[in-house]
Each structure stands twice: as C-alpha cells, then as structure tokens.
Amino acid sequence: MEDKATQTPVQIVETTDGTPPKPEVSASEAPKAEAPTPHMATETAPVQTNAPEAAPSGGNLMEQALQDAEARLEKTVQRGQILQGTVVFVGHEGVAVDIGARTEGIIPFNQLTEENLPEEELKKLLKPGDTVTVYVVRADLENGQIILSKKRAETDRSWVKIQELFDRAEPVMVTVKEKVKGGLVAFVEGVRAFLPASQVDLKRTPELDEYVGQSFPVKIIELNRKKGRVILSRRAVVEEEQKSLRANLLSQLKPDDVVEGQVVEVTEFGVFVALGGVDGLVHRSEITWGRFTHPKEVIQKGQTVRAKVLSVDPERERVNLSIKALVSDPWLTVSEKYPIGSRVQGKVVGLTPFGAFVEVEPGLEGLIHISELSWTKRPKHPSEVVKEGQEVEAVVLRIDPTERRLSLGLRQTQPDPWKSLPDRYPPGTPVKGKVTGLTDFGVFVEIEPGIEGLIHISELDYSRVEKPSDLFKKGDEVEAVILNIDPVEQRISLSRKRLLTPPAPTPRTEEAEEGERSRRNGPQPRDNRGERPKKKSKGARSEGRLERRPREGEYGVTAAYTNYDPNVATAANASVKLGDLYGDLLNQLGLEEEKETK
C-alpha cells in the first residue's frame, strides 16, 4: 500500500495543477512511480479533472486522487484472461496494447498469428488505434511487464466455438492441409485437428494424397482442450447421408423393379452394386447363366450393370438383385438353335473321369462322354484327348431341355475309320503290329494307330498255349492275318498260327484204328483163337493208313484263307486230307456191310 501511495497518479496531479507536492509524499519515492511509456498521462486524465471537484483543499484533493488511483490499480490482470485493448504503437519487439491496466501489455511478433510470416509482414498486421482481443500470457505488475498473445486469444475463442460444435454434433467444413502418418491434418476455427485414415471414408482408403487440398464436411468425434486434441470424422457425415438415402430408397424399391448401378465390390460369393445409398447384392448364382470359378471372371469393379430386384428387406437394409434374370434362359430355345446332328463350337470348361463339359454359350453346357471323344483311342481320362480351356467343335447327339442335358460327340466330326476297315483289310489279309496288351485269353495287337485286334489264345500257335505272356510281351512285333472285322462292335479277330507251317500228320497203326473203332462201336466178337475177325472193306487200306481228316482250324486249314494266301495250306497237304476223307468213308461203308451180314 505504501508503494501504491507514491505511484504516478500523485505526481501527475502535481504537474497538472502546479501546486506543490504534499509533505506526505516523499520526493525520493516519486521516480519509482514513473511509467515507462508516455501515454500514461492520458490514462490519468480523469484523475486530473476530478481532483479540483473532490475537495477545495490540498489534503482533500490528494485523498481523492489516491482513491481514484487505487481504484484503477485494483484492476486485476491475471494469466489466462482474455481482454480487449487498443493498439498504442508497433515497436521492434512487438505491439504495445492498452488493456486498461497501469501499464501496457506487449504482444510479441510470434504471438500475433499461427502463420509463419516474415517480421516486415508481421508489423503490418496491426496499426495504432486498432482494437484487438488478447490473451494474458504473463502478468508481472510489480515489474511492469504484461505479455499478451493475439493468437492464443483467437485459439481460445476457437476452442469455445469448437466446444459448441462438439456439443451440438454439428458438421463443420474443413480443408485438408497435409497428409501425415496415419491420416490427414485440417484446421477447425484455426485449431489444428487430425482426421484418421479410418475416418476418411466408409472403407479404409490406403492412398490419402488425393484428399490434400479438398474441402468437405466433418464431425468432431473427440475433443480434449487440455491436450489440444481434436479428432475429426468424415465417415460419420457420410454414414448419416447414406442412412438418409437408404431410408428413402428402400421405401421406393419393390420386387421386379429394374435398377442400374455401379459395381463397388467383387467377392467370392457375389458382387455388390451401389444403388444410391444402398448396396444391392447379386449372388454368384444370379450373375450369369454361364459357369465361372470366381465372379471377377465375368464382372469387374467399377462396371455399370443393370439388374432386377428380387427382394427388399427394409429392416435389415438388404436388397437382392439378379443380373441373369434380364437375359432369357438358353435352355428354352436350345432345340431350335442347336438341332440334333448340327455342329457347335464351344470351350472345354470342365473335365471329369466320365467326360468333358463344353460351354456352347453362357449357361448352356454339353457333355462329351469319354466314349464319344475318339473313334480309335480308348482314353482312361478325357485329359488324354482334350484340355480345359480348349476350343473344340462337336456334334449334337441328344437334347433334353427338361433335365437341362445336352449330349455332344467329338469323334463324329471325323470320318469313322471302322467303316472302311473291312474294305481295306478283307479276311486273310496279313498284317503286322505291336503287342499293346496281354490277357489270359489272348493278345491285343495294334494294326493301325488306335485300332487294335485280338489274337485269341487258340490262334496263337498250333501247340497249346497256356499263358500268352510266356511267348510275348508288350511292344513285340507280331505278324497275323485278318479273320473277321465287326465295324459295329469295333472288334477285329486275328490269327497268328495261320501264317505258321502246320506240323506233319502222324501215321496211325492198326491197333490205334481198332481202338478208335472200339470206342465208336463198342466191343467186337472174337474168334476161337481169341482174336477179333478182320473186317474187310472195299477199297480199305490194310496197313499204314493215315489218320482221319483234321477238323477245320485244327491245323489251320481253311478253304477261305487259302484263296488269299497259298502258303497257308499246300497242295500236297490238301491231297492227303482228301485221301483220309475217302478212307473214312470206305471204312464206314465196310462197317455197314458187316452189320447187314449179321
């Protein structure tokens, strides 16, 4: 209080009135009350005008002046206050501002604005007489120092507005200034705010550079003034807009409506189409009539499509669509477009152990059974003849629109080699080929690529063959003759032994002949000597008669085949066999005569 009594207002009164100072005030203390700035005289002007009216005497005048000075000095200036003042002058260190206190406050240049400007431009921001709102950064009244900040005052005012926006959950328009790690930076009412990448759009966007410089509405979803944290969300605004659009759209959509939209996502189970607020789902089974492995094979993201509304669920906000519903079912016109016997072009889209599936057109597939792949080959799997993705030509064999089945044939596009085989290989024609298979009943020989014939075990050799594998192995070359060709059943009978020289016939003894006759006619009567009577037959040979005529095929003699190959049966052999034939006939005649005699 003693210092306050000796402040500048007391000296100003003395200077103005020209009266001598009161003895209560020490002259040595007066310099301490001098203000550092010349405008203090204007601040104390009210004291000068009121002093003569307060009291006519010097004591009353001094008392009134002290009261007025104390009233002015009692104005508290504390850190954190926001005050309004008037610019006095612009100096080298900052801007002096009269805030109504006993001394002016100083705004350093770095506290004028958030922008990084040179000092020359900072000095031009304010001029004497301008009204400015400031924030008290530091107040040291004893030393006459008050540090102010204009940008802090603006920030504080911005925080108040931001708080109001946050409380009301109102969107605010911002402009993105830069991209930082994890998101974007924008300013709300001059305050730096952060927009996370997850809040930029409905779906996380990996590339954020395109948003720099853009302006759009956002919502303040988190606010902490102490930490200076402001978190923004553009996604919240977009979600509200989408919700409003969805409600409006769902109330208008109904089944069988035809809509148009853009494909926004392609998944394993289908595609999503944006319909202006609602994403409709086209299940993979409703994309096309054709076959595909993944929907991306037939439809791409960003593609514009037309679809038919199948169902609408406003509560769950779901819309089911169908693209193929706008295209006619190809099975309805398959009989007219592809009659039986016509040729079609298609792509192999699937291979199974029993055949190959060929897509004739989207949604229309036919099956080429494994037996219809080739005339000559007998593949174990269709992949031996065709490959998946291969373009093929086939012939329509059967159509069943009700069961949605189309049977195709690949081999029918080529000439049937079995039809010409009988003309090219008549019976008795010698052929040569490699052994392709061995079984217990014979040997398979390939006479042409893909065409095989069978040498039955009985036609391998004149001698009995127990196992064909004892004589042959796969890959061996074998010579044979054609016995028969069945083009319908696709079978060829071959003979190897008919190219071999038959073994020489073995002479039969009289005892062997008698034993054979006994087996044929039963026991014969004997004479007194215990011997059977000899029966004579006209023209019969008494000894050394050759055995009976062999049956056809026993020695490989067949009249039909001797016409094609004279080496099969020689003329000598033929004459011997005729002799045997006549001998057998005479023997039979002799036996008949003996019976008649008895």
Practice problem: Check step by step if salt bridge (Lys or Arg N to Asp or Glu O under 4.0 Å) holds for D279 and R318. | Solution: CA-CA 8 Å; D279 289 348; R318 290 186 178 180; over 6 Å; no
Self-check item: For P382 against L351, the heavy-atom pair lying closest together
Solution: CB-CD2, 4.1 Å
Exercise. Considering non-hydrogen atoms only, spot the tightest contact between W418 and D486 and give its length.
Key: CE3-O, 4.4 Å
Quiz item: Closest approach of V282 and I323, non-hydrogen atoms and distance?
Solution: CG1-CG1, 3.9 Å
Quiz prompt | Whether Y462 side chain and P503 backbone form a donor-acceptor pair below 3.5 Å | solution = no
Quiz item: With no hydrogens and no angle check, is any side-chain donor or acceptor of E403 less than 3.5 Å from a backbone partner on D400?
Solution: no
Quiz item: Is there a side-chain contact between V349 and F292 (heavy atoms, below 4.5 Å)?
Solution: no
Practice problem: Please report the shortest heavy-atom distance between A394 and T413, naming the atom on each side. | Solution: CA-CG2, 4.0 Å
Quiz prompt | Note: E446-K434 ion pair, threshold 4.0 Å (strictly below) | solution = no
Quiz prompt | Residues forming a salt bridge (Lys or Arg N to Asp or Glu O under 4.0 Å) with D416, sequence neighbours excluded | solution = none
Self-check item: Side-chain ion pair, K380 and E384, N-O less than 4.0 Å
Solution: no
Pairs under 3.5 angstrom only: tabulate donor-acceptor contacts from the side chains of residues 331-338 to other protein residues two or more places apart or in another chain.
| from | atom 1 | to | atom 2 | distance (Å) |
| --- | --- | --- | --- | --- |
| W331 | NE1 | G363 | O | 3.1 |
| K337 | NZ | E361 | OE1 | 2.8 |
| Y338 | OH | E361 | OE1 | 2.7 |

Quiz item: So, does K497 use its side chain to make a donor-acceptor pair with the main chain of S458 at under 3.5 Å?
Solution: yes
Exercise. List in chain and number order the residues that pass side chain to side chain donor-acceptor pair (under 3.5 Å) with E240, two or more places apart in sequence or in another chain; answer none if no residue qualifies.
Key: K219
Practice problem: Looking only at non-hydrogen atoms, find the nearest pair between I457 and P468 and report the distance. | Solution: CD1-CD, 4.2 Å
Self-check item: Salt-bridge contact R498-E459 (side-chain N to carboxylate O under 4.0 Å)
Solution: yes
Exercise. State the OG-CG distance between S251 and L249, to the nearest 0.5 angstrom.
Key: 7.5 Å
Quiz item: Looking at K243 and E241, does any basic side-chain N land under 4.0 Å from a carboxylate oxygen?
Solution: no
Exercise. Show the numbers, then the answer: is there a side-chain contact (heavy atoms from CB on, under 4.5 Å) between F216 and L195?
Key: CA-CA 12 Å; F216 42 73; L195 177 60; 3.9 Å; yes
Self-check item: Pair listing, side chain to side chain donor-acceptor pair (under 3.5 Å) test, anchored in residues 265-275, at least two apart
Solution: K203-E265, E268-R284, E268-H294
Quiz prompt | Euclidean distance, S495 OG relative to D461 CG, rounded to 0.5 Å | solution = 10.0 Å
Practice problem: Supply the atom-to-atom distance L253 CG to D313 CG, rounded to the nearest 0.5 angstrom. | Solution: 12.5 Å
Quiz prompt | Gap separating the CG atom of L410 from the OG atom of S371, nearest 0.5 angstrom | solution = 11.5 Å
Quiz item: Considering only heavy atoms from C-beta outward, does the side chain of F444 approach that of V435 to under 4.5 Å?
Solution: no
Practice problem: Could you go through the salt bridge (Lys or Arg N to Asp or Glu O under 4.0 Å) check for R424 and E448 one step at a time? | Solution: CA-CA 12 Å; R424 292 188 288 118; E448 282 189 2; 2.4 Å; yes
Quiz item: Between the side chains of T436 and E452, does any donor sit under 3.5 Å from an acceptor?
Solution: yes
Quiz item: Just wondering, are more than 12 heavy atoms of other shown residues or ligands nearer than 6.0 Å to CZ in R405?
Solution: no
Quiz item: If you measure from OG on S469 to CG on L438, what distance do you get to the nearest 0.5 Å?
Solution: 6.5 Å
Quiz item: Are any non-hydrogen side-chain atoms of Y211 and D201 less than 4.5 angstrom apart?
Solution: yes
Quiz item: Counting only heavy atoms not in R491, do more than 12 fall under 6.0 Å of its CZ?
Solution: no
Quiz item: Mind checking what makes salt bridge (Lys or Arg N to Asp or Glu O under 4.0 Å) contact with K473, not counting sequence neighbours?
Solution: D476
Let me have the donor-acceptor pairs involving side chains of residues 255-262, under 3.5 Å, with sequence neighbours excluded, atom names and distances please.
| from | atom 1 | to | atom 2 | distance (Å) |
| --- | --- | --- | --- | --- |
| D257 | OD2 | K254 | N | 3.1 |
| Q262 | NE2 | G302 | O | 3.2 |

Quiz item: Side-chain contact, heavy-atom cut-off 4.5 Å: L454 with I492?
Solution: no
Self-check item: Steps toward side-chain contact (heavy atoms from CB on, under 4.5 Å) verdict (V264, V273)
Solution: CA-CA 6 Å; V264 294; V273 181; over 6 Å; no
Quiz item: Is there side-chain contact between R234 and E239, with at least one heavy-atom pair below 4.5 Å?
Solution: no
Quiz item: Would you say the side-chain atoms of T205 pair up with the backbone N or O of L208, donor to acceptor, closer than 3.5 Å?
Solution: no
Exercise. Applying side-chain contact (heavy atoms from CB on, under 4.5 Å), run through E477 and F472 and close with a yes or a no.
Key: CA-CA 9 Å; E477 280 200 355; F472 308 97; over 6 Å; no
Practice problem: Tell me, with the steps shown, if V431 and V481 meet side-chain contact (heavy atoms from CB on, under 4.5 Å). | Solution: CA-CA 6 Å; V431 293; V481 295; over 6 Å; no
Quiz item: Salt-bridged, E372 to R411, with N to O below 4.0 Å?
Solution: yes
Quiz item: Given side chains that start at C-beta, do those of E286 and L310 come closer than 4.5 Å, heavy atoms only?
Solution: yes
Quiz item: So which heavy atom on V348 is nearest to which on A356, and how close?
Solution: CG1-CB, 4.4 Å
Quiz item: Considering only heavy atoms from C-beta outward, does the side chain of V312 approach that of L250 to under 4.5 Å?
Solution: yes
Quiz item: Has D440 got more than 12 heavy atoms of other residues, nucleotides or ligands less than 6.0 Å from its CG?
Solution: no
Quiz prompt | Electrostatic pair E317-R246, nearest N-O below 4.0 angstrom | solution = yes
Practice problem: Begin with the C-alpha distance, continue with both residues' side-chain angles, and end with the deciding distance and a verdict on salt bridge (Lys or Arg N to Asp or Glu O under 4.0 Å) for E479 and K432. | Solution: CA-CA 4 Å; E479 293 184 0; K432 182 185 294 185; 3.7 Å; yes
Quiz item: With a 4.0 Å cut-off, would you call E393 and R343 a salt bridge?
Solution: yes
Quiz item: How many angstroms lie between atom CG of L406 and atom CD1 of I340, to the nearest 0.5 angstrom?
Solution: 9.5 Å
Self-check item: Side-chain touch L367/L408, heavy atoms, less than 4.5 angstrom
Solution: no
